[in-house]
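Along the sequence shown, the residues carry numbers beginning at 1.
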Amino acid sequence: MAAWRELDAAMQVVAPVAVTIDDFARAHSRRFVEDVFAMRSANGFGTRSADVNRSLPYTSGAMLTAARLALAARTAVAAPVSGFHHARWSEAAAYCTFNGLLVTALALRAEHPSLRVGILDYDYHYGDGSDDIITRLGLHWITHYTAGQKYLYPEQAGAFLDAIPEHVARMADCAVVLYQAGADPHIDDPLGGFLSTAELAERDRRVFQCLHERAIAVAWNLAGGYQQPLSKVVAIHRNTYQTCRAVHLGQAAPSP
């Protein structure tokens, strides 16, 4: 956020509204939720930690707060959080304790019963937890696309970028899209590896432009990124913010 502030001194920061046990229990087994908070079950880091538990209502809460704001204003709002798409109905995994994407989608649906939600997951890895919850609960009103099922290698970069308008078009009937702007597809990421810095920036430009042209609200988060030093990951998220701002303010997209 400090890096974003350097780009945009007028950036508005809104405190997240913490989600509740009931909010988590729409997307997860209530017993699993209660066991995590009681430290009977491990979190996504494989630990039992009061410090991690205190953060969880706010990470999912930031995603939900961003989505509410984006939906109300028909614009793009960033949630500077991550750690969602591997969390399944009753299981934490791979740094993901609760699935804030599904917590958000189900909370929005409770508030707007006819709402359709898109989840555009451009993390490098397959959003298996999201698929598990969507399938288990029969959430036909969610359009979910996870690039990690198909795009893994540098020779696929051009095809991936060309397919972005098609991925967004699948969500044409959605009022809001939850966009995982993963940093781990970067070619130098130790857990990723198929897009250059310029290609990641072009990914974001196409996503934001396609959604903006269709007047679809978008709430986006940071998703994966494992390069060291951490400044390399921050630089990718900085580019995403800059590209989003350029599209929504009608400016030319910056060069990464």
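Between F194 and F160, the ring planes lie perpendicular to each other; the angle is over 60°, past the 30° to 60° tilted range. Note on ring orientation: taking the six-membered ring where Trp is involved, the planes of F24 and F98 are tilted (angle from 30° to 60°). Relative ring orientation between Y122 and Y179 is described as perpendicular, the plane-to-plane angle rising above 60° on a 0-90° scale split at 30° and 60°.
Within 6.0 Å of OH in Y58 there are 12 or fewer heavy atoms belonging to other residues, nucleotides or ligands. Other residues, nucleotides and ligands contribute more than 12 heavy atoms inside 6.0 Å of the CD atom of E155.
Side-chain atoms of T104 and S60, non-hydrogen and from C-beta on, never get closer than 4.5 Å to each other. Considering only heavy atoms from C-beta on, W4 comes within 4.5 Å of P80 through its side chain. Residues V77 and W220 fail the side-chain proximity criterion, which asks for heavy atoms closer than 4.5 Å. Looking at T143 and V117, their side chains never come closer than 4.5 Å, going by heavy atoms from C-beta outward. Looking at heavy atoms from C-beta onward, P154 lies in side-chain contact with I187 at the 4.5 angstrom threshold. The shortest side-chain heavy-atom distance between Q149 and D131 falls under the 4.5 Å cut-off. Counting heavy atoms from C-beta outward, I134 and L102 have side chains that approach closer than 4.5 Å. Side-chain contact between N221 and L101 is present, with at least one heavy-atom pair separated by less than 4.5 Å.
Remark: of the listed residues V247, V176, I216, I216 is the sole one forming a side chain to side chain contact (heavy atoms under 4.5 Å, CB included) with L211.
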Going through the checks in order, is the salt bridge (charged side-chain N to carboxylate O under 4.0 Å, His left out) test met by R245 and D8?
-> CA-CA 9 Å; R245 186 169 178 268; D8 181 9; 3.3 Å; yes
Start with the C-alpha gap between R206 and D162, add the side-chain angles, then the distance that decides, and say whether salt bridge (charged side-chain N to carboxylate O under 4.0 Å, His left out) holds.
-> CA-CA 9 Å; R206 294 188 188 193; D162 289 344; 3.5 Å; yes
After noting the C-alpha distance and the side-chain angles of H85 and T146, does the key distance pass the side-chain hydrogen bond (donor to acceptor under 3.5 Å, both in side chains) rule?
-> CA-CA 10 Å; H85 74 160; T146 173; 5.1 Å; no
For Y226 and Y95, what are the C-alpha separation, side-chain angles and deciding distance, and is it a side-chain contact (heavy atoms from CB on, under 4.5 Å)?
-> CA-CA 12 Å; Y226 306 96; Y95 313 125; 4.1 Å; yes
Mind running side-chain contact (heavy atoms from CB on, under 4.5 Å) on M11 and V13 for me, showing each step along the way?
-> CA-CA 6 Å; M11 180 179 72; V13 178; 3.9 Å; yes
Please walk me through it: do R68 and L71 pass side-chain contact (heavy atoms from CB on, under 4.5 Å)?
-> CA-CA 5 Å; R68 285 171 172 155; L71 188 59; 5.9 Å; no
Between E199 and R203, does a salt bridge (charged side-chain N to carboxylate O under 4.0 Å, His left out) hold up when you go through it step by step?
-> CA-CA 6 Å; E199 287 166 340; R203 174 201 70 176; over 6 Å; no
Evaluate the salt bridge (charged side-chain N to carboxylate O under 4.0 Å, His left out) criterion for residues R31 and E34: first the C-alpha distance (whole Å), next the side-chain angles of each, then the deciding distance (0.1 Å), finally the verdict.
-> CA-CA 5 Å; R31 180 173 179 178; E34 292 176 348; over 6 Å; no
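A continuous path of ILVMFWY side-chain contacts below 4.5 Å connects L106 to L115, so both sit in one hydrophobic cluster. Residues L120 and L108 fall into different hydrophobic clusters, defined by Ile, Leu, Val, Met, Phe, Trp and Tyr side chains chained together at heavy-atom separations under 4.5 Å. Residues I236 and V218 fall within the same hydrophobic cluster, defined by Ile, Leu, Val, Met, Phe, Trp and Tyr side chains chained together at heavy-atom separations under 4.5 Å. Follow the hydrophobic side-chain contacts under 4.5 Å out from W141 and you reach L64 in the same cluster. By the rule that hydrophobic residues join a cluster once side-chain heavy atoms approach within less than 4.5 Å of another member, V177 and L139 end up as members of separate clusters.
When atom types are taken as modelled, the side chain of H112 and the backbone of S114 share no donor-acceptor pair closer than 3.5 angstrom. Looking at S41, its side chain never comes within 3.5 Å of a backbone N or O of V36 through a donor-acceptor pair. In this structure a side-chain-to-backbone donor-acceptor pair under 3.5 Å is missing from T65 to P16. Looking at Q156, its side chain does come within 3.5 Å of a backbone N or O of K150 through a donor-acceptor pair. A side-chain donor-acceptor contact under 3.5 Å links D132 to the backbone of W89. One N or O on the side chain of R48 and one on the backbone of R40 form a donor-acceptor pair closer than 3.5 Å. Between the side chain of T97 and the main chain of N43, no donor-acceptor pair closer than 3.5 Å is present. Distance alone, capped at 3.5 Å, places no donor-acceptor pair between the D189 side chain and the G225 backbone. Without hydrogens or angle criteria, R88 side chain to I133 main chain gives no donor-acceptor distance under 3.5 Å. With T20 contributing its side chain and D23 its backbone, the two residues share a donor-acceptor pair below 3.5 Å.
Taking both residues in full, the closest heavy atoms of V81 and M63 are given as CG2-N, 4.5 Å, listed atom of the first, atom of the second, then distance. Considering every non-hydrogen atom in both A172 and R214, the closest pair reads CB-NH1, 3.5 Å. Closest approach of G182 and L200 over heavy atoms only: O-CD2, 4.1 Å. Across all their heavy atoms, A183 and V233 have their closest contact at CB-CG1, 4.0 Å. Across every non-hydrogen atom of G129 and N99, the tightest pair is C-ND2, 3.7 Å. Taking all atoms of both residues into account, the shortest heavy-atom contact from R170 to Y145 is NH1-CD1, 3.2 Å.
Note: R238 CZ to S231 OG = 12.0 Å, rounded to the nearest 0.5 Å. The CG atom of D173 sits 4.5 Å away from atom CZ of R116, with the distance rounded to the nearest 0.5 Å. Atom CD1 in I119 sits 11.0 Å away from atom CZ in F84 (nearest 0.5 Å). M171 contributes atom CE, which lies 9.0 Å from atom CG of L178 (distance to the nearest 0.5 angstrom). Note: D123 CG to H125 NE2 = 6.5 Å, rounded to the nearest 0.5 Å. Note: Q227 CD to L191 CG = 10.5 Å, rounded to the nearest 0.5 Å.
In this structure, H28 has its ring center closer than 6.0 angstrom to the ring center of F32.
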